[in-house]
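So the structure is just underneath, and the comments pick up after that.
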Amino acid sequence: MGVTAIIGLQWGDEGKGKVVDVVCERADVVVRCQGGANAGHTVVANGRKFILHLVPAGILRENVTCVVGSGVAVDLEALAAELDQLAEAGVKTSGRLVISRRAHLVLPLHKQADRAEEASRGGRKIGTTLRGIGPCYSHKYARLGIRVGDLLSPQVLDQRLSALRQALGAGPAGSPGPDLDQTYQYCQAYLPMVREMSGDTVSLVLDALGRNKRIVLEGAQGFLLDIDYGTYPYVTSSNTGVHGLVSGSGLPPSSIGRVLGVMKAYVTRVGEGPLPTEMEEPYQSAVREKGHEFGATTGRPRRCGWLDMVALDYACRANGVTSLAVTKLDTLAGLGALKVCEGYQSSGRAVPAFPSEVDLLAKCVPAYVTAETWDALGSPRRLDDLAPGARRYLDRIAALTRCRLGMLSVGPGRDDVLRLED
Ligand code: IMP
């Protein structure tokens, strides 16, 4: 059946961690492909909550080899802390986790730069997670980055740091630039971890593909935060759609057999940028509280909005989504009123497609239809067990996106899931 790509279809936080964990029950290899410790993938397994930032969510399934692919921005400090937490919870990572030697490192100087850039934006902040992601990818594309594999040779690391020193020079207004001797020492401190865990992940995934192993690509963030196709500049600095999973894993595009798009039954956004269907009170607070809509990485309150079918349809078509995993349908139960945006209007005219310019998107007024509500979902085991309103809500999503329903999540645990396809 080919490789399964799992991506977020909205502005992140759709519940990808849980979906990856469920799919990995029947997988051999899982690959994180892009983004970095800005992600926070939550999985509740055996009564315990795990928030994973860099390690693939498949680590909680013993049968799975976990790969941090070439497109990931690797923060070794964050990774070490995550490995400690997993060890403390009794999760074995040694021999099961391979970090790409091609992946770029997020260095302390990138986190400093992220903070300084956000501070200098004044009223036009992006609202980044301050994890150094943008500055790390900037250096990657300027060919100034330090890669995981560079740590393995003191000469190579020296050369790479010299190139960086030359390019950065002194800091603004004659202030000293970043201390690259400190950066060298930082890299040295993580050398044992890199020696133990790094490898040629491209060969690893291509060999697995050749042996017909079941491979899952774990996306991070959501398509509307994509650097090329999202709401630029209010986006992250990587390709968050299926394109990013291909380039960040090293697998050929033709290997992708299934694109499972993860979507919440409503939308959320954390950080700045337009959110056309942002909810009014009291729904905003009710959904935030009931859905625990606070950032898994930063703890920031998420902005909540009604389901936006214009944005969802765009994400499904641009990624060739074959089936949908719908999460948090339970959060909408008992809300008393439900709206779904099925079109945008601007200056009294229908907007034909999801706008490419953020200023145009900010001017879009959603055209809502009212959806039937439902009181409680209970513990459905089949679609037919759902309340009629919930069933019709899902049927409408499938009809408008022309995608089949692949999975339904109705609660935080592994068992609160209906698998509707293999
Ligand atoms: P950065 O990725 O830290 O540079 O942040 C850029 C934008 O992407 C900000 O609006 C962040 O809030 C958002 N963002 C980054 N990672 C995530 C995520 O995992 N979930 C939701 N939003 C994210």
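Counting convention: from 1, in listed order, for ligands and their atoms alike. Every heavy atom of this structure was used, including side-chain atoms; hydrogens, water molecules and symmetry mates were not. Everything numeric in this text was worked out from a predicted model, so none of it was measured.
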*Would you find a donor on one side and an acceptor on the other, under 3.5 Å apart, between the side chain of R302 and the backbone of F294?*
yes
_Which of the ligand 1 atoms, numbered from 1, are nearer than 4.0 Å to a heavy atom of G271_ = 10 (O)
*Of all the atoms in ligand 1, which lie at a distance below 4.0 Å from a heavy atom belonging to I126?*
10 (O)
*Under a heavy-atom criterion of less than 4.0 Å, does A220 contact ligand 1?*
no
_So does T236 get a backbone contact from the side chain of Q221, meaning a donor-acceptor N/O pair under 3.5 Å?_
no
*asked:* On a heavy-atom basis, which atom in L206 and which in P252 lie closest, and how many Å separate them?
replied: CD2-CD, 3.8 Å
*asked:* Within the structure provided, determine whether V246 and H243 are in side-chain contact (heavy-atom separation under 4.5 Å).
replied: no
*Looking only at protein heavy atoms, identify the closest one to atom 17 (C) of ligand 1 and say how far it is in Å.*
Q221 CG, 3.5 Å
*If you take all heavy atoms of D416 and G411, which pair is closest and at what distance?*
OD2-C, 3.3 Å
*Where is the nearest protein heavy atom to atom 6 (C) of ligand 1: which residue, which atom, and how far?*
V235 O, 3.3 Å
*Could you tell me the residue and atom name of the protein heavy atom closest to atom 3 (O) of ligand 1, and the distance to it rounded to 0.1 Å?*
T129 OG1, 2.6 Å
*Could you establish whether S237 and ligand 1 come within less than 4.0 Å of each other, counting only heavy atoms on the residue side?*
no
*Which residue and non-hydrogen atom of the protein lie closest to atom 2 (O) of ligand 1, and at what distance in Å?*
T236 OG1, 2.6 Å
*Taking atom 14 (N) of ligand 1 as the point of reference, which of L225, I133, T128 owns the nearest heavy atom?*
L225
*In terms of atom number and element, which parts of ligand 1 are under 4.0 angstrom from non-hydrogen atoms of W11?*
21 (C), 22 (N)
*Considering heavy atoms of the protein only, find what lies nearest to atom 11 (C) of ligand 1 and give residue, atom and distance to 0.1 Å.*
G127 O, 3.6 Å
*asked:* Using a 3.5 Å cut-off on N or O atoms only, is D13 in polar contact with ligand 1?
replied: yes
*Any Lys/Arg nitrogen of R269 or D13 sitting under 4.0 Å from an Asp/Glu carboxylate oxygen of the other?*
no
*Taking distance alone, with no angle check, do R131 and ligand 1 share an N/O pair under 3.5 Å?*
no
*V270 neighbourhood, listing ligand 1 atoms whose heavy-atom distance to it stays under 4.0 Å*: 10 (O), 11 (C), 12 (O), 21 (C), 22 (N)
*What pair of heavy atoms forms the shortest contact from G271 to R300, and how long is it?*
CA-NH1, 3.9 Å
*If you measure from the Lys or Arg side-chain nitrogens to the Asp or Glu carboxylate oxygens, is any gap between D21 and R61 under 4.0 Å?*
yes
*Looking at the rings of H139 and H104, which for Trp means the six-membered one, are their centres under 6.0 Å apart?*
no
*Salt bridge flag under 4.0 Å for residues R402 and D313*: yes
*R300 N/O under 3.5 Å from ligand 1 N/O*: yes
